[in-house]
Amino acid sequence: MNILKNKYTLPVLSLLVIIAGAAPRAIEIINRNYLFLFDQGAYYQAVRDIVVNKHFTLIGTEVGGIGGFFQGPGFYYLLTIPFILFKGDPYGGMLLMFIFGLLAIILSIILFHKSLGKSAALLIAFFIALSPGIISQSRFIWPPFVIAPLTVVFLYFIFQAYREKVMGIPLVFLIVGLMTHFEIATSITLFISTVITILIIRPKDIFKPKTIILSAILLTATQVTLLLFDLRHNFLNMRGILGFVTHGSGNAPYSFQNHLDVYRDSIFSVAHNWNVAAILSGVVILGLVLIFKDKKTNPQLKKFILFLVINPIILFIVLLPMKSTLWAWWFLELPIMFCFLLGISLVYLFRHPKLKFIAAFTVIGYFVLFTIQTYEWYKHDLNDYGGGAKIKGKIDAIDYVYKDASGQKFNLLIFTPPVYTYPYDY
């Protein structure tokens with residue numbers, strides 16, 4: 001891919017990739033009709049309480065099983081920014097999710113174009129931008145969907161750790177800690193798998209006291225609010241997490257098939273169907289074989305690739321004893337990791353004279369599928385009213401009640417099965 005040697009080519013191609021990624025992510029931004037269900041209503045009730053009533057919270061959304069526990073409050077405080085800027089209109093939160101989606105694409109180019117090379121960074125951004133599973137994360141307001149750009153930063157610090165940068169490992173655990181504010185299941189499981197993987201493929205400074213102390217300080221700093229809450233409430237979070245790990249959610253049986261299906265579906269949400277998943281997997285395997293056979297391959301790159309391969313395996317093994325149903329949003333880091341493996345592998349296929357056609361076919365074919373999928377999304381979703389599930393339906397229902405009242409005072413009882421009235425209340 002010598003074309004990238006021109007100093008203007010990377011910015012131009014990067015801009016094209018960002019625009020392509022923005023196109024399907026912008027549907028709700030354009031039609032201003034986005035999902036506003038009980039989750040979104042609950043978030044905005046909490047944010048309103050912070051901004052309007054000045055009730056600052058130490059905890060986020062309640063999750064988990066037996067006893068329950070809480071996410072960190074970071075997502076609530078993040079939503080206060082668009083809440084203030086858009087005067088309470090949830091459209092601001094929708095715009096925030098759109099920005100985070102683009103941020104994952106942009107960061108992959110900015111952070112990795114020097115360390116992995118321009119071609120690899122651009123291809124990684126290409127797959128993150130065009131992946132149907134990752135695209136969907138920008139299309140409604142939900143805290144786990146902040147994990148994608150955080151994973152890109154997480155992987156950057158992992159790479160820095162394998163380049164023997166002193167702050168690499170501490171900053172890895174800073175990012176893992178921040179993830180508790182968006183999806184605590186992701187954070188805890190990624191923490192365990194990352195510790196084990198780093199011990200297996202460890203940089204030289206891992207056992208230095210300075211590294212361990214800094215890691216502990218930065219990780220703890222992200223948990224200050226939850227620790228304060230636990231101290232005030234008899235360690236409710238700690239007991240809830242322990243109960244979940246030992247007894248499961250209490251409402252769903254353990255199933256190995258569930259574990260396997262959710263894990264597989266999470267990784268291959270990058271693909272449009274199982275045939276595409278098989279092709280992409282073959283591309284990754286072929287590319288990695290070439291990389292590890294090449295004696296000129298940078299040792300730090302090999303360690304980084306091993307991390308990308310081993311970490312998901314360790315994660316799966318760690319979760320096997322968990323007595324609970326797994327959910328796809330626990331593993332939103334996995335498709336990002338798969339995009340990295342794809343981008344790195346394709347660079348080596350492009351360099352091989354007899355295999356470059358496979359790389360070209362993969363990139364072109366993936367773009368064609370993306371174009372078809374984007375056309376279908378615009379065709380069906382751009383003018384979809386969405387009934388009571390989307391914001392226009394909510395507003396129309398409330399407007400109808402006020403119009404019907406004709407200025408008379410009235411009481412209102414809203415019942416929706418299940419009984420979550422947060423979006424109407426808001």
Side-chain angles (χ1 to χ4, degrees), residues 35-65 67-90 92-97 99-100 103 137 140-151 153-154 171 173-191 216-245 327 329-330 332-333 420-423 425-426:
L35 286 172
F36 199 72
L37 300 169
F38 63 86
D39 280 328
Q40 289 73 41
Y43 305 148
Y44 265 85
Q45 288 277 52
V47 173
R48 178 184 178 277
D49 207 34
I50 293 171
V51 176
V52 178
N53 299 328
K54 312 300 181 187
H55 293 161
F56 300 103
T57 181
L58 296 174
I59 55 173
T61 310
E62 184 179 3
V63 292
F69 51 95
F70 297 88
Q71 314 266 39
F75 188 66
Y76 289 170
Y77 287 105
L78 193 61
L79 276 182
T80 62
I81 300 171
F83 184 98
I84 294 169
L85 292 177
F86 287 81
K87 299 179 180 179
D89 187 345
M94 193 66 254
L95 188 60
L96 183 70
M97 301 310 297
I99 292 170
F100 273 118
L103 194 60
Q137 297 173 24
F140 67 96
I141 304 164
W142 211 36
F145 293 158
V146 183
I147 294 294
L150 285 176
T151 300
V153 180
F154 165 84
L171 291 172
F173 290 109
L174 172 68
I175 300 301
V176 170
L178 288 175
M179 288 182 181
T180 61
H181 293 266
F182 306 101
E183 180 48 65
I184 196 168
T186 302
S187 178
I188 292 174
T189 55
L190 186 60
F191 171 81
I217 291 172
L218 292 178
L219 181 62
T220 303
T222 65
Q223 307 304 304
V224 167
T225 59
L226 289 176
L227 290 171
L228 288 173
F229 177 84
D230 260 15
L231 288 171
R232 292 173 60 180
H233 296 88
N234 195 26
F235 297 98
L236 177 65
N237 268 324
M238 295 295 185
R239 289 186 286 110
I241 293 171
L242 183 62
F244 180 76
V245 172
W327 301 99
W329 58 85
W330 293 7
L332 297 178
E333 77 276 23
Y420 295 117
T421 63
Y422 309 121
D425 294 342
Y426 180 74

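Note that these values count all heavy atoms, side chains included, but never hydrogens, waters or copies made by symmetry.
Remark: Ser187 pairs with Val176, Met179, Thr180 by the side-chain contact (heavy atoms from CB on, under 4.5 Å) rule, at least two apart or across chains. Not counting sequence neighbours, the partners of Phe86 by the side-chain contact (heavy atoms from CB on, under 4.5 Å) test are Pro82, Asp89, Tyr91, Leu95. Legend: residues meeting side-chain hydrogen bond (donor to acceptor under 3.5 Å, both in side chains) with Thr222, ordered by chain and number and at least two apart, are absent. Checked against side-chain contact (heavy atoms from CB on, under 4.5 Å), Ile84 has the following partners two or more places apart in sequence or in another chain: Val51. Every residue meeting the side-chain hydrogen bond (donor to acceptor under 3.5 Å, both in side chains) condition with Thr61, not counting sequence neighbours, appears here in chain and number order: Tyr76.
Screening residues 45-57 for side chain to side chain donor-acceptor pair (under 3.5 Å) gives Asp49-Asn53, Asp49-His55 as the qualifying pairs, with residues at least two apart or on separate chains.
Between Tyr44 and Ile141, some side-chain heavy-atom pair lies under the 4.5 Å cut-off. The closest side-chain heavy-atom distance from Met238 to Leu227 is below 4.5 Å. Residues Tyr43 and Pro143 meet the side-chain proximity criterion, which asks for heavy atoms closer than 4.5 Å. Within the 4.5 Å cutoff, the side chain of Leu35 has no heavy atoms near those of the Trp142 side chain. For the pair Thr189 and Trp330, the minimum side-chain heavy-atom distance is 4.5 Å or more.
Side-chain rings of Phe100 and Phe145 stay apart, their centers remaining 6.0 Å or farther from each other.
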Run Leu332 and Glu183 through side chain to side chain contact (heavy atoms under 4.5 Å, CB included) and show every step you take. CA-CA 10 Å; Leu332 297 178; Glu183 180 48 65; over 6 Å; no
Go through it in stages, so that I can follow the logic: the residues are Ile81 and Leu96, the test is side chain to side chain contact (heavy atoms under 4.5 Å, CB included), and I'd like the CA-CA distance, side-chain angles, deciding distance and then a yes or no. CA-CA 9 Å; Ile81 300 171; Leu96 183 70; over 6 Å; no
Decide yes or no on side chain to side chain contact (heavy atoms under 4.5 Å, CB included) for Asp39 and Phe140, but give the supporting numbers first. CA-CA 11 Å; Asp39 280 328; Phe140 67 96; over 6 Å; no
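Taking CD1 from Ile175 and CZ from Phe154, the interatomic distance works out to 9.5 Å, rounded to the nearest 0.5 Å. For the atom pair Leu85 CG and Thr80 OG1, the distance stands at 9.0 Å (nearest 0.5 Å).
Taking each heavy atom of Gln137 and Ala148 in turn, the nearest pair found is OE1-CB, 3.6 Å. Of all the heavy atoms in Phe182 and Gly74, the pair that sits closest is CE2-C, 4.4 Å. Nearest approach of Gly60 to Phe70, heavy atoms of both residues: O-CD2, 3.4 Å. Of all the heavy atoms in Pro423 and Phe38, the pair that sits closest is CD-CA, 3.7 Å. Taking all atoms of both residues into account, the shortest heavy-atom contact from Thr186 to Trp329 is OG1-O, 3.6 Å. Residues Leu58 and Arg232 approach most closely at CD1-NH1, 3.7 Å, considering heavy atoms.
At distances below 3.5 Å, not a single donor-acceptor pair connects side-chain atoms of Glu333 with backbone N or O atoms of Ile147. Listed for the Asp230 side chain is a donor-acceptor partner under 3.5 Å among the backbone atoms of Asn237. At distances below 3.5 Å, at least one donor-acceptor pair connects side-chain atoms of Gln40 with backbone N or O atoms of Leu37.
Each of Thr225, Leu236, Leu226 was compared with Ile59 under the side-chain contact (heavy atoms from CB on, under 4.5 Å) criterion, and only Leu226 meets it.
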